[in-house]
Number of protein chains: 2
Amino acid sequence: MANDNKLTLAGLAKLAGVSISTVSRALNDNPLIKKETREKLQALAKEHNFSLNRAASRLRTQKTNVVAVILNLTSSTDQSISDPFLLKVVGDLNQALNQRGYELLLSNSLMATEDWSNYFINSSRADGIIVIGQGKSTSKVEQVAQSGAPLVVWGDPKRQANYAVVGSNNELGGYLATQHLVNGSCQRIAFLGDPEHAEMSERYKGYQRALQEAGLPFELELTLSCDITSKAAYDKIAAEILSKGLHFDGIVATSDMVALGAMKALKERYISIPGDVSIVGFDDIAMAELLHPALTTVKQNTKAAAEIMVEQLVRQFNGQQANSEVVDIELMVRKSSKLV
Amino acid sequence: MANDNKLTLAGLAKLAGVSISTVSRALNDNPLIKKETREKLQALAKEHNFSLNRAASRLRTQKTNVVAVILNLTSSTDQSISDPFLLKVVGDLNQALNQRGYELLLSNSLMATEDWSNYFINSSRADGIIVIGQGKSTSKVEQVAQSGAPLVVWGDPKRQANYAVVGSNNELGGYLATQHLVNGSCQRIAFLGDPEHAEMSERYKGYQRALQEAGLPFELELTLSCDITSKAAYDKIAAEILSKGLHFDGIVATSDMVALGAMKALKERYISIPGDVSIVGFDDIAMAELLHPALTTVKQNTKAAAEIMVEQLVRQFNGQQANSEVVDIELMVRKSSKLV
DNA sequence: TTGAAAGCGCTACCAC
DNA sequence: GTGGTAGCGCTTTCAA
């Protein structure tokens, strides 16, 4: 406060009458320093509002304690950027990283156009990378994996990949959602979303498996392919009903936002949910239970997932092998689907 | 690739047969270096996958090109963390910052418990701080302002503060929302939210002004005070109806999430929206128009706001004075309110 | 248990 | 236009 030119370790050392090394060790809680001295110096630092210069320590230690989190967005539509689910994952990662002493540098695939490994890791901006979403294209991610940089991806862990993927059991999720509709006596169950998107394609497989087990025919016209935004889903359902009439009595949506769009299209046509059409979402975003009717959905445990992702990333920092890991999902039965 | 020990400027210089200074200038696009040489060296850098070590340049230049964005959360409830509106602001800031060459370090008030200025600025983690939300407590923010660190706050710009505040015209928003309900012949208009929260209190003032102008009495029992989460709003409306019956025919909600909670409580009781109760939200999150009925709401222009915030922060980097600035709002009339 | 000093990789001042 | 070099503030080896 009083002294305006910024305080450094050297300055603090002078103030305390000890060497720079001693202050450095004390502030890093190094047990080499006598506990008494350590506490005295820490108190002094606090008193003078001193904080170690991270740029300097990062340069010296070659470690940043920063993790770059990259939202792997499919397109530049506003919708996909603001999908509450993605942002929930960011929030949970923030928490998990902080608990381990890491900071979160936020970026997304639309901004970071260069080689990610080069940009974030070689440049000492971050120690590792977490990519949220495998999306349709994984070439950037592969590039990072090739470079050997510490990397964890939120996506579909069942996909074989040469990097660690953490994600929900999407196939099972799709299966349970579909099975739930089958049990509710739905006969013509549609799949709404993008079957080519990594995570979504697994949900699609689960959907097909459930149909088969139930002895229901798989009909291609029940695969309602659309972008994974509410708007696209809304348009798709509207167009479908316009051209073919209401030819389905159940919808397995690939995300809650997609389900939301579908619900709106149905309600506008006075189609009862779940009376005429049952619907199951995916994600369990905060809003799901607040919709009317409350949305039955497959809950992804993002908090647990975030912790696992950080754990796997830290393993790589320590030179250990990182593994893909499956996070449990759970069917949340609410009001948008008929009960058995 | 072939050479495994990390390349530095010195290494590149040797490879190119020029001095370190020349490579440094070339990679920083310094016009002192002949264009030809510059391009040759940039190509060489790309070829060898070289990236300048940021830790080193930050130490040297005393500038990080990083901005800390702090979500000033009210409580640790999941809801407030995942309010899509806050996260929309983060997304827009990310974009605005990147366009100006800054990176976004994400944090929140629950994690960053220390003195923010000390933690982020003194430590050279970031050059400036953007705080999202004035919330109820502004002491941490005041502390940053006191320290003289570059700071911009998303909040209510009408509040007098010794730091730059960018935000919507909340008073006008509250006024327009209320006026709209008045025009739709609502007689007993409730205000739902937290009148003590900085931004919200201005909306509350606007609500009162509109009532007064319309010659409607201001009744305290129509101030429905609750936490600004969907859940709290849902509970509040449910409790209100249970204890006093449906004693209002319009609701001015302090956020879309709050409106969502209220809508659910109403729908569950088969109260028609907007037939029995009209409702207006605030924010215009992506979901607002996808609700059924589509939510009439006051749109906050977060994209414009984000650009202004970054602009004001950069002004401070350049030693200029930063000013509070008001961002225009716009009433989005949809289906949850009666028309005139 | 503490101190001296080298050096992390870069930028920018000064010299040519 | 280009090169030599000091030094940003820290950590850590080595010495005491």
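Convention: sequence-line order gives letters A, B, ...; per-chain numbering from 1.
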Does anything in residues 14-29 of chain B come within less than 4.0 Å of DNA chain D? Heavy atoms only, and list the residues if so.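 The stretch gives B/Val18, B/Ser19, B/Ser21, B/Thr22, B/Arg25 as the residues lying under 4.0 Å from the strand, ordered by number.
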
With a 4.0 Å cut-off on N to O distance, would you call A/Arg100 and A/Glu311 a salt bridge?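 Looking at A/Glu311 together with A/Arg100, the answer is yes, because their closest N to O distance falls below 4.0 Å.
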
So that I can tick it off, tell me whether B/Lys40 and B/Glu36 are bridged by a salt bridge, with the cut-off set at under 4.0 angstrom between side-chain N and carboxylate O.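 No salt bridge links B/Glu36 with B/Lys40.
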
Where the side chain of [X] meets the backbone of [Y], is there a donor-acceptor pair that is under 3.5 Å apart?
X       : Y        : value
B/Gln42 : B/Ala26  : yes
A/Asn72 : A/Gly133 : yes
A/Asn98 : A/Asn94  : yes

Taking [atom1] from [X] and [atom2] from [N], how many angstroms apart are they, rounded to a whole number?
X        : N      : atom1 : atom2 : result
B/Arg58  : C/dA12 : CZ    : P     : 15 Å
A/Lys63  : D/dC10 : NZ    : C1'   : 16 Å
A/Asn30  : C/dG3  : CG    : C1'   : 14 Å
A/Arg125 : C/dC10 : CZ    : P     : 12 Å
A/Leu9   : C/dA5  : CG    : C1'   : 15 Å
A/Lys6   : D/dG9  : NZ    : P     : 9 Å
B/Leu59  : D/dA6  : CG    : C1'   : 13 Å
B/Asn122 : D/dG9  : CG    : P     : 12 Å

What's the angle between the local helix axes at either end of the helix from C/dT1-D/dA16 to C/dC16-D/dG1, using five pairs per end and rounding to 10 degrees?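 The value is 30°.
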
From C-beta outward on B/Thr61, which listed nucleotide comes closest to its side chain: C/dT2, C/dT11, C/dC10?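 Nucleotide nearest to B/Thr61's side chain: C/dT11.
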
Residue from B/Asp92, B/Val166, B/Val69 passing side chain to side chain contact (heavy atoms under 4.5 Å, CB included) with B/Met309: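 Filter result, single survivor: B/Val166.
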
Base, sugar-phosphate, or nothing: which does B/Ile33 touch, judged by heavy atoms less than 4.0 Å apart?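 Counting heavy atoms under 4.0 Å across all strands, the contact made by B/Ile33 is with sugar-phosphate only.
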
Mind checking if B/Ser124 touches a base, just sugar-phosphate, or nothing, with heavy atoms under 4.0 Å?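 It contacts nothing in the nucleic acid.
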
Can you see if the side chain of A/Gln62 gets near the phosphate of D/dT11 - specifically, an N or O under 4.0 Å from OP1 or OP2?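 No, because none of the side-chain N or O atoms of A/Gln62 sits under 4.0 Å from OP1 or OP2 of D/dT11.
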
Tell me whether [X] at atom [atom1] has more than 12 heavy atoms from other residues, nucleotides or ligands lying less than 6.0 Å away.
X        : atom1 : value
A/Lys63  : NZ    : yes
A/Gln320 : CD    : yes
A/Asp328 : CG    : no

Closest-nucleotide 5' rank along DNA chain D - winner of B/Pro31 and B/Arg60: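 So the residue in question is B/Pro31.
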
